[in-house]
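Heads up, the thing below is written out as structure tokens.
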There are 2 protein chains.
Amino acid sequence: MKKNADNPKMKDVLREQIFGRALLPLQKLPSERELSELFSTTRISVKDALGALETEGLIYREDRRGWFVSPPRIRYNPLSRCHFNQMINEQDRIAETQLINISTIMAPSDYAKVLELKELTEIHVIERLRYIDGRVVLFVENCLISHFFPGIIEENLTQSLTQLYQDKYQFTTSRSRFDVIPAAAPAHVAKALNISAGQQVLKICRVNYNQQGKIIDCEFEYWRPDAVMISIDSIEHS
Amino acid sequence: MKKNADNPKMKDVLREQIFGRALLPLQKLPSERELSELFSTTRISVKDALGALETEGLIYREDRRGWFVSPPRIRYNPLSRCHFNQMINEQDRIAETQLINISTIMAPSDYAKVLELKELTEIHVIERLRYIDGRVVLFVENCLISHFFPGIIEENLTQSLTQLYQDKYQFTTSRSRFDVIPAAAPAHVAKALNISAGQQVLKICRVNYNQQGKIIDCEFEYWRPDAVMISIDSIEHS
DNA sequence: TCCATCCTCTGGACTAGTTCAGTGAGTTCA
DNA sequence: TGAACTCACTGAACTAGTCCAGAGGATGGA
């Protein structure tokens with residue numbers, strides 16, 4: 001069968017099926033090869049169409065696993081003191097956290113810059129993965145200035161770090177700065193998020209100050225772009 | 001000449017030339033066809049490589065014109081009362097604003113929802129383009145609830161709307177909410193930004209309340225993703 | 001000098017394939 | 001039962017083309 005005017009564009013058909021609930025959140029789409037047969041087109045055209053729906057936030061990819069329908073976005077206020085689990089639960093979603101790796105290193109220049117370090121300084125890097133409804137959507141690197149946090153490595157680091165700072169170290173966050181950019185996923189982040197290196201992520205870099213106004217840690221968050229809406233209300237901070 | 005291990009990947013070469021200042025901000029890259037000859041590869045592979053650099057924020061595309069090296073990002077605080085021109089000038093860049101279109105319509109459902117309208121309401125839609133250093137980077141739609149703003153259409157709408165609200169209507173913004181998502185450019189936005197429909201943009205939707213706590217307008221901003229870093233500091237709001 | 005037309009150039013979108021490398025399920029063996 | 005192996009499946013990445021439609025510059029005519 002040749003393509004003709006009776007043959008609606010694949011991305012329009014899929015979009016309608018998603019909006020019409022024929023395809024449900026987290027549901028797997030047919031493979032690219034199947035779609036290219038179904039719609040009598042080539043795989044490159046299928047990839048382009050799927051990529052367009054991905055850009056719209058309607059579907060997401062997983063490297064070597066397939067394409068899936070995106071669930072609704074989470075509303076996220078980076079200035080909020082609300083723990084991840086609580087934030088997700090409040091939106092009737094299921095949260096989970098996985099500790100991936102902890103390392104203790106001399107701060108490389110990009111970290112040193114963010115933390116405004118003037119000399120060689122040891123930091124702990126805590127890598128965690130965040131899941132919503134069983135899907136991995138966020139890779140987080142917390143970079144803690146070690147000398148502020150003796151013995152933290154032995155703690156349960158899947159819990160709220162902010163709470164741990166307060167309970168064990170009597171640090172409260174007096175101020176936060178955050179920057180948001182669309183970025184390309186570095187290889188280690190991509191692998192953790194089940195995408196190929198260089199795919200689009202939404203990167204949030206946050207710097208936290210304790211009650212003495214000193215920077216104590218920074219945090220790099222890499223979000224799946226379809227999973228989150230950053231939402232800020234000026235009234236919550238006045 | 002066949003590809004072999006001596007032939008470095010095109011995107012790595014271009015990335016090095018950009019970081020090494022052999023390719024300067026706003027400079028045009030060779031066309032896809034030229035690059036495919038230079039690097040003995042196909043146009044699809046060139047497009048993939050260029051797309052990867054675009055995702056990194058290093059280059060940007062213009063439909064039918066070519067690919068260009070991205071200038072540094074603007075730091076933008078959506079909660080700031082700072083006018084666009086001032087914000088850009090403070091970062092040693094040149095700002096320009098172009099009024100594209102003004103229309104007066106009954107609010108369609110997506111606008112009505114954002115403005116929390118309970119009944120059929122007339123709105124003014126003011127479309128503007130924002131340029132930094134001569135490059136179009138931002139398409140803005142301001143949606144004003146008409147009955148709050150008698151006679152506004154005749155004003156100079158390239159100036160700061162916020163200032164106009166205050167001077168002519170004695171409205172000050174007491175509160176703002178904004179949402180940020182990566183989105184696909186609608187056709188009318190894409191055309192204005194010199195990209196094809198469906199390309200990635202960073203969409204900011206803002207809602208403003210006057211001193212009586214009433215929503216008076218909302219704003220949809222569509223940013224070129226490589227041009228902006230959203231930057232918020234909690235200390236500026238306490 | 002200005003406007004209309006033409007032409008080349010551009011990215012966008014498509015055709016028809018191929019190879020690569022990791023995932024995950026099923027099977028086999030200890 | 002658990003671990004290792006195998007194999008089909010998957011998207012990623014590549015080859016070699018084609019056609020489309022709008023941008024912008026050059027040219028010619030009024």
Side-chain angles (χ1 to χ4, degrees), chain A residues 1-5 7-12 14 27-55 59-68 134-136 184-185 187-188 190-200 224, chain B residues 1-5 7-12 14 27-55 59-68 134-136 184-185 187-188 190-200 224:
Chain A
M1 183 174 73
K2 295 284 289 180
K3 282 182 60 61
N4 57 37
N7 206 350
K9 294 181 86 174
M10 192 192 91
K11 73 180 170 185
D12 300 325
L14 289 179
Q27 188 172 339
K28 185 179 181 307
L29 298 187
S31 72
E32 293 176 0
R33 288 173 177 88
E34 279 169 338
L35 288 170
S36 71
E37 286 187 32
L38 276 176
F39 287 90
S40 305
T41 185
T42 62
R43 274 192 56 212
I44 288 193
S45 297
V46 168
K47 284 180 62 172
D48 281 350
L50 293 174
L53 292 173
E54 181 185 36
T55 302
I59 65 175
Y60 64 96
R61 73 180 69 194
E62 296 206 338
D63 191 10
R64 297 190 169 96
R65 291 165 190 76
W67 292 82
F68 302 83
R135 174 193 168 205
V136 58
H188 72 294
K191 183 148 175 53
L193 292 177
N194 293 330
I195 50 181
S196 57
Q199 291 291 326
Q200 184 80 249
R224 285 284 218 153
Chain B
M1 181 173 76
K2 297 286 286 181
K3 284 180 58 66
N4 56 40
N7 206 351
K9 292 181 84 173
M10 192 192 91
K11 71 180 171 185
D12 299 326
L14 289 180
Q27 188 172 341
K28 185 177 180 311
L29 299 186
S31 73
E32 294 177 2
R33 289 174 176 91
E34 280 168 337
L35 287 170
S36 71
E37 285 188 31
L38 277 175
F39 287 91
S40 304
T41 185
T42 62
R43 268 191 62 211
I44 290 194
S45 297
V46 168
K47 285 180 61 174
D48 281 349
L50 293 174
L53 292 173
E54 183 186 36
T55 302
I59 66 177
Y60 65 93
R61 74 180 68 193
E62 296 206 336
D63 191 10
R64 296 188 171 99
R65 290 164 192 75
W67 292 81
F68 302 83
R135 174 193 167 206
V136 58
H188 71 293
K191 186 152 173 56
L193 293 178
N194 294 331
I195 50 181
S196 58
Q199 292 290 327
Q200 184 81 248
R224 285 284 215 153

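Order of the sequence lines fixes the chain letters, A, B, ..., with proteins taken first and strands second; residue numbering starts at 1 for each chain.
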Minimal non-hydrogen separation, A/E32 against A/L50, with atom names: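 What the structure gives for the nearest pair is CG-CD1, 3.9 Å.
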Interatomic distance where [atom1] belongs to [X] and [atom2] belongs to [N] [whole Å]:
X: B/L35; N: C/dC9; atom1: CG; atom2: P; result: 16 Å
X: A/F39; N: C/dA13; atom1: CZ; atom2: P; result: 18 Å
X: B/E62; N: D/dG24; atom1: CD; atom2: C1'; result: 13 Å
X: A/Q199; N: D/dA13; atom1: CD; atom2: C1'; result: 12 Å
X: A/E37; N: C/dG17; atom1: CD; atom2: C1'; result: 14 Å
X: A/D63; N: C/dA21; atom1: CG; atom2: P; result: 13 Å
X: B/K11; N: D/dC14; atom1: NZ; atom2: C1'; result: 13 Å
X: B/E32; N: C/dC9; atom1: CD; atom2: P; result: 15 Å

Measure the spacing between [atom1] of [X] and [atom2] of [Y] and express it to the nearest 0.5 Å.
X: A/I195; Y: A/E54; atom1: CD1; atom2: CD; answer: 8.5 Å
X: B/L35; Y: B/T42; atom1: CG; atom2: OG1; answer: 12.0 Å
X: B/T41; Y: B/M10; atom1: OG1; atom2: CE; answer: 8.0 Å

Looking at [N], does its base get a donor-acceptor pair with the side chain of [X] below 3.5 Å?
X: A/R64; N: C/dA21; answer: yes
X: B/R65; N: C/dG11; answer: no
X: A/R43; N: C/dA16; answer: no

B/R135 to B/Y60 six-membered ring, cation-pi geometry met (6.0 Å, 45°):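 Yes - B/R135 lies over the ring of B/Y60, closer than 6.0 Å to its centre and within 45° of its axis.
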Looking at [X], does any N or O in its side chain come under 4.0 Å of the phosphate oxygens OP1/OP2 on [N]?
X: B/T41; N: D/dC14; value: no
X: A/S45; N: C/dT15; value: yes
X: A/R61; N: D/dA12; value: yes
X: B/K28; N: C/dC9; value: no
X: A/K47; N: D/dT10; value: no
X: B/S31; N: C/dT10; value: yes

Nearest-nucleotide 5' precedence on DNA chain C, B/A197 against B/E34: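 This one resolves to B/E34.
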Pairwise 5' ranking along DNA chain C for B/L50 and A/R33, keeping only the more 5' one: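 In this pair, the answer is B/L50.
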Touch class at under 4.0 angstrom, heavy-atom based, for B/T42 against every strand present: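 B/T42: base contact, heavy atoms under 4.0 Å.
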Touch class at under 4.0 angstrom, heavy-atom based, for A/D48 against every strand present: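 If one applies the 4.0 Å heavy-atom cut-off, A/D48 turns out to touch nothing in the nucleic acid.
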N/O donor-acceptor pair under 3.5 Å between B/E34 side chain and B/S31 backbone: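 Yes, because the side chain of B/E34 sits within donor-acceptor range (under 3.5 Å) of the backbone of B/S31.
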